[in-house]
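Read the structure below first, then the notes.
Numbers restart at 1 for each chain; the letters A, B, ... are given by sequence-line order, proteins then strands.
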There are 2 protein chains.
Amino acid sequence: MAKAKSALRSCPVAAFQKMISGKYKLRIVWDLKDGPRRYGEIRSGLLRGAAGSAEITPRVLSRELKALTESGLIDRRDFGVVPPKVEYRLTRKGRSFVPVISAIRDWGERHLSEPAALADAAE
Amino acid sequence: MAKAKSALRSCPVAAFQKMISGKYKLRIVWDLKDGPRRYGEIRSGLLRGAAGSAEITPRVLSRELKALTESGLIDRRDFGVVPPKVEYRLTRKGRSFVPVISAIRDWGERHLSEPAALADAAE
DNA sequence: CGGTATCCTAGTAGATACTG
DNA sequence: CAGTATCTACTAGGATACCG
């Protein structure tokens, strides 16, 4: 862990890799850009766009949310009621990260979603 | 794999995640932005910025380079001489991707490299 | 509703040794 | 020089069951 920390300091790209490692982190942040969402809403949201694949298991979602919270990208708000209500929202840091995902999305749509992406590979 | 493919089509962010999965892919592309590099040069380049951590093993580097080639981001050029000389360079697609890494780097430098990153976490 | 606790599996990266 | 072959350790992710 101490080793990983020094890697963080030396290379922002490596740090980014570490931060968004995990299948759903980027998409969670992206989903949260429109406002706070509850646990279950995030879960359903991740179903959209997954093209019929299995839904995320609670264990994994929980871990990713915790990691994002520890990264300081999102914030957890527990309403302390029964039945439970918990909302997640972007922090300032998280909001500052949205444009980066935007750039990723834009590039991905142009170069990854279309069949033309292959033709582009030549040269 | 067919499942992964449909995921690619439905979500560019997921596709991006898949494409750059691997510890070194982003950094390799970034290193290549200044021009073609030989296998060994890439390897040494990955040492810089790794903060004294172990160097990448040939097996891993080889795999990442192959994956990047199959993604169409880089291009392999074998000079067919003895001793071997192989150069890797960005394709057009790869060059179009550089600004995205730039955005990632900029953000990372502002929010991940400094100790202030933690203070930022508080909403 | 919003999680945890266990168990399991597949894939990723590292060590090490060897080759055209 | 630029890789491949083999083997091992670790971890991310999924299945399933249960809890406050």
- Name the residue closer to the 5' end of DNA chain C, choosing between A:Pro84 and A:Arg59 according to the nucleotide with the nearest heavy atom. A:Pro84
Whole-Å distance separating the [atom1] atom of [X] from the [atom2] atom of [N]:
X: A:Ile20; N: D:dA12; atom1: CD1; atom2: P; result: 13 Å
X: A:Leu65; N: C:dG3; atom1: CG; atom2: P; result: 7 Å
X: A:Lys25; N: D:dG13; atom1: NZ; atom2: P; result: 7 Å
X: B:Arg77; N: D:dA2; atom1: CZ; atom2: C1'; result: 17 Å
X: A:Lys18; N: D:dC10; atom1: NZ; atom2: P; result: 16 Å
X: B:Leu46; N: D:dA2; atom1: CG; atom2: P; result: 14 Å
X: B:Arg37; N: D:dG3; atom1: CZ; atom2: C1'; result: 20 Å
X: B:Asp78; N: D:dG3; atom1: CG; atom2: P; result: 7 Å

- Side-chain heavy-atom pair B:Tyr88, B:Ile28 within 4.5 angstrom cut-off: no
- Item | A:Asp75/A:Arg77 ion pair, N-O < 4.0 Å | no
- Task: May I ask you to say whether A:Arg105 pairs ionically with A:Glu109, meaning some side-chain N is under 4.0 Å from a carboxylate O?
- Result: yes
Sugar-phosphate only, base, or nothing, as touched by [X] at under 4.0 Å among non-hydrogen atoms:
X: A:Glu87; result: nothing
X: A:Lys66; result: sugar-phosphate
X: A:Glu64; result: sugar-phosphate

Distance check: side-chain N/O of [X] vs OP1/OP2 of [N], anything under 4.0 Å?
X: A:Arg63; N: D:dA12; answer: yes
X: B:Tyr88; N: D:dG3; answer: yes
X: B:Thr57; N: C:dA15; answer: no
X: B:Arg76; N: D:dG3; answer: yes

From C-beta outward on [X], which listed nucleotide comes closest to its side chain: [options]?
X: A:Lys23; options: D:dC1, C:dG14, D:dG14; value: D:dG14
X: B:Val86; options: D:dA5, D:dG13, D:dG3; value: D:dG3
X: A:Tyr24; options: D:dG14, D:dG20, D:dC7; value: D:dG14
X: A:Ser62; options: C:dA13, C:dG3, D:dA2; value: C:dG3

- If you measure from CG on A:Leu68 to OH on A:Tyr24, what distance do you get to the nearest 0.5 Å? 13.5 Å
- Message: Please report the interatomic distance CZ(A:Arg89) to CZ(A:Arg95), rounded to the nearest 0.5 Å.
- Response: 7.5 Å
- If you look at every heavy atom in A:Glu64 and A:Ser21, which pair is closest and at what distance? OE2-O, 4.4 Å
- Note on the structure: Between A:Pro58 and B:Arg38, the residue closer to the 5' end of DNA chain D by nearest nucleotide is B:Arg38
